[in-house]
Amino acid sequence: MASLCRLICNNVKRAMPTARHMSAKAGPLVDVAVDGDGIAIVTMQRLPVNSLNLELLQELDKALVDVGKNKSKGMILASASPTVFSAGLDIMEMYKPDPKRVELFWTTLQGVWLKLFGSTYPTAAAINGHAPAGGCLLSISCEYRVMATGKYTIGLNETALGIVAPMWFMDSLTSVIPQRQAEIALTTGKMFTVDEALKVGLIDETASGKDDAVAKCKQFIERFDKIPPLARSYTKQKVRSRALSWLNKNREADLKEFLQFVNSPIVQQSLEMYMAMLKQKAAK
Ligand SMILES: CC(C)(COP(=O)(O)OP(=O)(O)OC[C@H]1O[C@@H](n2cnc3c(N)ncnc32)[C@H](O)[C@@H]1OP(=O)(O)O)[C@@H](O)C(=O)NCCC(=O)NCCS
């Protein structure tokens with residue numbers, strides 16, 4: 001009884017808006033700023049495209065832990081780039097990889113997903129630009145998505161690179177859009193325009209730009225002001241429990257499968273061609 005009371009009290013404290021303005025630099029690749037309402041804005045700032053390398057993932061991991069410890073009311077994931085939310089996994093981490101580093105890279109990504117998808121605090125993504133692959137994954141692991149209008153795209157395009165998205169990527173997608181649309185999107189490597197994403201439910205709202213996206217994410221998080229936080233977080237955990245326990249139980253097997261894929265000559269060839277295509281496009 002006493003421990004239940006303590007839990008409720010702690011959670012009530014979390015729900016109270018904080019009067020202080022707190023801003024903390026998490027590291028060079030991720031900025032964490034907590035606003036006057038107690039909402040943490042976690043900004044990825046590995047420019048130009050926030051491709052997720054080991055160091056960015058490690059900083060994200062730390063930021064997610066810190067947001068939980070600081071009892072923030074909620075977390076908004078954002079990008080410092082004006083046109084890209086995140087370009088997804090850094091291809092250079094997977095191309096001719098160093099065996100130890102690529103293992104750490106993948107287990108760190110698993111950890112980030114478990115913390116983000118399973119966070120007790122409310123989460124929203126302010127998607128102010130392109131969000132392919134891992135960029136899409138981060139956003140669909142949040143509870144709410146607001147995307148800036150523009151010629152941006154979002155989706156899990158792994159198959160286009162010859163990579164098979166792991167189970168937890170798929171689980172994240174089917175937690176947001178219906179299974180049939182998810183299957184077609186995954187097998188075709190579909191990148192959705194902003195309008196298409198809104199229509200299928202991949203994003204929840206559009207915004208005129210980053211500030212508007214952040215403001216709309218805040219409005220989403222503030223919806224929970226009158227909801228008892230303990231009931232909220234348990235409910236979220238239960239809804240997400242199947243996907244979370246799958247990865248918790250299968251981390252080793254998932255790593256093994258990734259390493260097998262990434263080290264296969266055909267995947268290496270696909271990655272090489274894809275990188276060359278990106279470089280060629282950038283040079284134009
Ligand atoms: C995100 C994207 C739409 C942004 O387009 P853009 O603003 O025109 O930026 P560019 O394509 O010119 O990319 C800028 C630089 O980042 C690099 N880059 C882009 N995505 C990258 C990635 N996922 N990993 C590593 N490097 C990447 C580009 O090669 C380029 O490098 P350079 O400046 O040395 O030539 C585009 O970069 C893209 O489609 N990236 C690949 C996304 C993807 O398929 N990711 C899946 C990874 S599994």
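Every heavy atom of this structure was used, including side-chain atoms; hydrogens, water molecules and symmetry mates were not. When a ligand or atom number is given, it counts from 1 through the structure's own listing order. What you are looking at is a predicted structure, and each value in this text was computed from that prediction instead of being measured.
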The single option from Asp66, Leu64, Ile39 passing side chain to side chain contact (heavy atoms under 4.5 Å, CB included) against Met75 | Leu64
Hey, does the Lys NZ or Arg CZ of Lys216 hover above the aromatic six-ring of Phe220, less than 6.0 Å from the centre and inside 45° of the axis?
-> no
Check: every ligand 1 N/O to protein N/O pair under 3.5 Å:
from     : atom 1 : to     : atom 2 : distance (Å)
ligand 1 : 5 (O)  : Lys281 : NZ     : 3.4
ligand 1 : 8 (O)  : Lys281 : NZ     : 3.3
ligand 1 : 11 (O) : Lys281 : NZ     : 2.8
ligand 1 : 23 (N) : Ala87  : O      : 3.2
ligand 1 : 23 (N) : Leu89  : O      : 3.1
ligand 1 : 24 (N) : Ile91  : N      : 2.9
ligand 1 : 31 (O) : Lys279 : NZ     : 3.3
ligand 1 : 34 (O) : Lys279 : NZ     : 2.8
ligand 1 : 44 (O) : Asn157 : ND2    : 3.0
ligand 1 : 44 (O) : Tyr274 : OH     : 2.5
ligand 1 : 45 (N) : Ala87  : O      : 2.9

Measure across Leu77 and Phe85 and return the closest heavy-atom pair with its distance rounded to 0.1 Å.
-> O-CE1, 3.7 Å
Do you know the tightest heavy-atom contact between Ser86 and Leu52?
-> OG-CG, 3.7 Å
Do Asn250 and Trp168 get their side chains close enough for a donor-acceptor pair, meaning under 3.5 Å?
-> no
Test side-chain hydrogen bond (donor to acceptor under 3.5 Å, both in side chains) applied to Glu205 - qualifying residues, sequence neighbours left out = Tyr144
